[in-house]
Novice: 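First the structure, which I've put down as structure tokens, then a few questions once you've had a look.
Each chain gets a letter, A, B and so on, in the order the sequences are listed, and its residues count up from 1. All of these numbers come straight from a predicted model, not from anything done at the bench.
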Amino acid sequence: MAEQSFNSRVYEVVKRIPRGTVATYGQVAALAGAPRNARTVGYALHANPEPGVTPCHRVVFRDGSLAPGFAFGGPDEQRALLEDEGVTFIPPAPNGNAGADGWRVDLDRCQWQA
DNA sequence: AGCATGACGTGAA
DNA sequence: GTTCACGCCATGC
């Protein structure tokens with residue numbers, strides 16, 4: 001196997017994310033050895049050759065949001081899954097604030113600390 | 001070999 | 001607080 005593509009290295013990092021914790025693409029990219037490749041990390045997860053093995057659902061955006069449209073099974077499924085693992089979520093509208101929808105993860109409490 | 005795209009991040013308006 | 005645009009690097013054709 002010569003050198004595993006960036007892809008493989010990203011999976012190794014994502015797979016070592018503890019349960020009940022989430023990591024951002026930038027965090028994974030940095031741990032993978034590419035602090036500038038957050039975008040490539042997303043590309044790697046998109047390739048995700050081993051679904052079920054790589055918990056891509058634990059990888060979220062820098063602001064705690066997930067990938068819209070690419071969520072495996074739907075954003076509701078991912079929210080329930082992370083919540084079941086003990087991840088804290090922040091509701092979209094705390095006070096009748098319509099428009100701002102999309103649950104965000106409480107990175108202050110659940111972001112993975114390498 | 002080069003071009004176009006893409007699960008992001010950050011800065012500024 | 002939110003939204004737009006640019007930049008970074010790797011992959012696919």
Novice: For Ala38(A), which contact category applies under a 4.0 Å heavy-atom criterion: base, sugar-phosphate, or nothing?
Specialist: sugar-phosphate
Novice: Test of understanding: with ring-ring contact (aromatic ring centres under 6.0 Å, His included), list the residues that count as partners of Phe6(A), not counting sequence neighbours.
Specialist: none
Novice: Where is the tightest heavy-atom contact between Asn48(A) and Cys56(A), given as atom of each residue plus distance?
Specialist: ND2-SG, 3.4 Å
Novice: Starting at the 5' end of nucleotides 8-13 of chain C, put B wherever the base has a protein heavy atom under 4.0 Å, S where only the sugar-phosphate does, and a dash everywhere else.
Specialist: BBSSS-
Novice: Under the criterion salt bridge (charged side-chain N to carboxylate O under 4.0 Å, His left out), I'd like the reasoning laid out for Glu12(A) against Arg9(A): C-alpha separation, chi angles, the key distance, then a yes or no.
Specialist: CA-CA 5 Å; Glu12(A) 295 295 302; Arg9(A) 183 159 292 152; over 6 Å; no
Novice: Under a 4.0 Å heavy-atom cut-off, which of residues 50-63 of chain A touch DNA chain B?
Specialist: Cys56(A), Phe61(A), Arg62(A)
Novice: Kindly assign one of parallel, tilted or perpendicular to the pair Tyr25(A) and Phe61(A), based on the angle between their ring planes and the thresholds 30° and 60°.
Specialist: perpendicular
Novice: Would you say Trp112(A) and Val14(A) make side-chain contact, with heavy atoms under 4.5 Å?
Specialist: no
Novice: Nucleotide range of DNA chain B contacted by chain A, 5' to 3', under 4.0 Å to a heavy atom?
Specialist: dG6(B) to dT10(B)
Novice: Does any non-hydrogen side-chain atom of Glu83(A) lie less than 4.5 Å from one of Gln78(A)?
Specialist: no
Novice: With sequence neighbours excluded, what pairs up with Ala80(A) under the side chain to side chain contact (heavy atoms under 4.5 Å, CB included) test?
Specialist: none
Novice: Check whether the side chains of Thr88(A) and Arg109(A) place a donor and an acceptor atom closer than 3.5 Å, and report yes or no.
Specialist: yes
Novice: Would you check if Gln111(A) and Thr24(A) make a side-chain contact, meaning some heavy-atom pair closer than 4.5 Å?
Specialist: yes
Novice: Please list all pairs meeting salt bridge (Lys or Arg N to Asp or Glu O under 4.0 Å) that have one or both residues in residues 16-37 of chain A, counting only residues at least two apart or in different chains.
Specialist: none
